[in-house]
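To find a chain, count down the sequence lines: A is the first, B the second, and so on, and within it residues start at 1. Scope of the values below: all heavy atoms of this structure, side chains included, with no hydrogens, waters or symmetry mates.
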Amino acid sequence: MLQTPRGTNDLLPAEQAAWDYVSDHFRAICAAYGYGEIRTPVFEDTRLFQRTVGEGTDIVEKEMYTFFDRGGDSLTLRPEGTAPVVRAYLEHGMHRLPQPVKLSYIASIFRYDRPQAGRLRQHHQFGVEALGESAATVDAEVIALLLHLYRNVGLTGLSLQLNSIGDAACRPQYIEELSAYYRSHTHALCENCRNRLERNPLRLLDCKEDSCQPFIHAAPHTLGSLCAACDAHFDTLKRSLEAMDIDYTLNHTLVRGLDYYTRTVFEVWPEAVGRQSALGGGGRYDGLARHIGKRDVPGIGFGTGIERIILNLERQGLASAADVPFGVYVATLGDNAARYGIGLVNDLRQRGIRALMTYKSRSLKAQLRQAGNLGAHYAVIVGDDELEQGKALLRDLNSSTQELVDDSDLAPTLERLRAGN
RNA sequence: GUGGCUGUAGCUCAACAGGUUAGAGCUCUGGACUGUGGCUCCAGCGGUUGGGGGUUCGAGUCCCCUCAGCCACCCCA
């Protein structure tokens, strides 16, 4: 039996309601904040991600779905949402638009990873990017939008983890400081950390190894070595968040996995016990555009996992059931009535009414049972008797009452009933 | 990529210490009620016990491999 590739899922009609629910909220909030939706290709030139995400990262090193097309070009299934949007901004000359340009997206993301609950090889993200403005008030807006989304869909008990990792002016010095500190303790570090020290020192702060925790605690903080400009930027961000009554937790170990981040970095975590997977995260990436084009474009954005939002809603017991749309079931008896029924159903559908009927000859009992199962509100019952009189029985399936209605009144009556539903 | 747990109808689960044709509930279909749903009762459909190999007279049950899901790690969404 063939099945979905590992780490991928079918989204069935019954599960669609939850997706629509969160997607509708996301789109409404984006509209309120002035973010326009953008769609970029599912695959891009492999170099886009190599240059922006960073050669030393897990994504580029071992998680990308990369392939050569028939023309010999190396393409990669989108492993994250930001780089393609920045690419589109540059490609379409959006620097001529009023800045910042605020874009939102709903996109599939692909990463070759070992699957687990809430961790898939193809997952989906809501994301937002504000491009062309470096003011920290934009950072605050982006964070507010994300938390607004979580609040509106009903997620509670979340914590905003916040940090600033500096920029080109001060980060190199910090990394030097951090490396120097760690080099003095090399002998006591785990093997992984010894590698990090060489390859990606910032990630030393991410280590979960017990024996490394004391070093993380004692290590110099990024916040302690920010340059004046970054310090002021972070200060404005904090004050802006406070102005919106947004609580945050300063987390000096939060450095994010991708190389392109500068200054602001943040994640939102579910409150649940143990180390949970982040619901969403993002940050500022003022150096990213340079890797793609000739222009410097400051930017800030977030990505948040749709499957994880829904998973957490379910864990909170907030499964959203689909509303059953107004519907009519046309039950017929006999060949003549069946033909009449096909015409009636067709007419109702042209009017936008959900109309259903059986595809083969079945007992009236079976047809009404199916009408109930399909969630129809009304049944139209037509047999030879009704056909002769030019009438049909209109049955209210909730109240179990029915009346004889003129054929010509049927559709208008149902339209009226739908309006009142 | 590492370690561990799990895997029986569409769903939720049974099946003594290996022993005849692997059961039940729900769902679906039909009937009791030849033109009136939901309740009840009856019946039917539905499984190469995730897949492959091995041990054995005999494997859902034991062993190996493999696939998938889950948990922890890794990492993040």
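Looking at heavy-atom distances under 4.0 Å, A:R6 makes contact with sugar-phosphate atoms alone, never a base. At a threshold of 4.0 angstrom between heavy atoms, the contacts of A:A371 with the nucleic acid are absent. Residue contacts for A:R362: at a heavy-atom cut-off of 4.0 Å it reaches the sugar-phosphate backbone alone, with no base atom in range. Among the atoms of the strands shown, none is found under 4.0 Å from any heavy atom of A:G81. When heavy atoms are screened at a 4.0 angstrom cut-off, A:L393 is found touching base atoms of the nucleic acid. Counting any heavy atom pair closer than 4.0 Å across all strands shown, A:I109 reaches no nucleic acid atom. Using a 4.0 Å heavy-atom criterion, one finds that A:L279 contacts the sugar-phosphate atoms exclusively. Using a 4.0 Å heavy-atom cutoff across all strands shown, A:A379 reaches no nucleic acid atom at all. At a threshold of 4.0 angstrom between heavy atoms, the contacts of A:E307 with the nucleic acid are absent. Across all strands, A:D385 comes closer than 4.0 Å to base atoms (heavy-atom distances). Base engagement by A:E386 is indicated by at least one non-hydrogen atom pair under 4.0 Å involving a base atom. Heavy atoms of A:G7 sit under 4.0 angstrom from primed sugar atoms or phosphate atoms, though from no base atom.
Screening A:R119, A:R121, A:K62, A:R6 for a salt bridge (charged side-chain N to carboxylate O under 4.0 Å, His left out) with A:D113, the sole residue that qualifies is A:R119. Considering A:E80, A:R290, A:R284, A:H291 as possible partners of A:Y260, the one that fulfils the side chain to side chain donor-acceptor pair (under 3.5 Å) test is A:E80.
Nucleotide B:U40 is matched to B:A32 when pairs are restricted to Watson-Crick or G-U wobble geometry with both distances under 3.5 angstrom. In this structure, B:G3 and B:C71 make a Watson-Crick or G-U wobble pair, each of the two defining distances being under 3.5 angstrom. The pairing partner recorded for B:U8 is none, the criterion being a Watson-Crick or G-U wobble arrangement whose two distances lie under 3.5 angstrom.
Residue-to-nucleotide contacts include a donor-acceptor pair under 3.5 Å from the side chain of A:S400 to the base of B:G37. Below the 3.5 angstrom threshold, one finds no donor paired with an acceptor across the side chain of A:R119 and the base of B:C71. Side-chain atoms of A:Q402 come within donor-acceptor range of the base of B:U36, with a qualifying N/O pair under 3.5 Å.
A residue-by-residue look at A:R395 and A:G280 shows that A:R395 has its nearest nucleotide of RNA chain B further toward the 5' end. In this structure, A:P115 and A:L368 both approach RNA chain B, and ranking their closest nucleotides by distance from the 5' end singles out A:L368.
The separation between A:D113 atom CG and B:C71 atom P is 13 Å, rounded to whole Å. Rounded to an integer number of Å, the gap from A:R114 CZ to B:C5 C1' is 12 Å.
The pair A:E44-A:R78 does not meet the salt-bridge criterion, since no charged nitrogen lies less than 4.0 angstrom from a carboxylate oxygen.
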| request: Start with the C-alpha distance between A:Y33 and A:H148, add both sets of side-chain angles, then the distance that settles ring pair (Phe, Tyr, Trp, His ring centres under 6.0 Å), and finish with yes or no. | output: CA-CA 10 Å; A:Y33 283 73; A:H148 193 162; 5.6 Å; yes
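Nucleotides B:G46 and B:U29 are separated by 16 Å at their P atoms, to the nearest Å.
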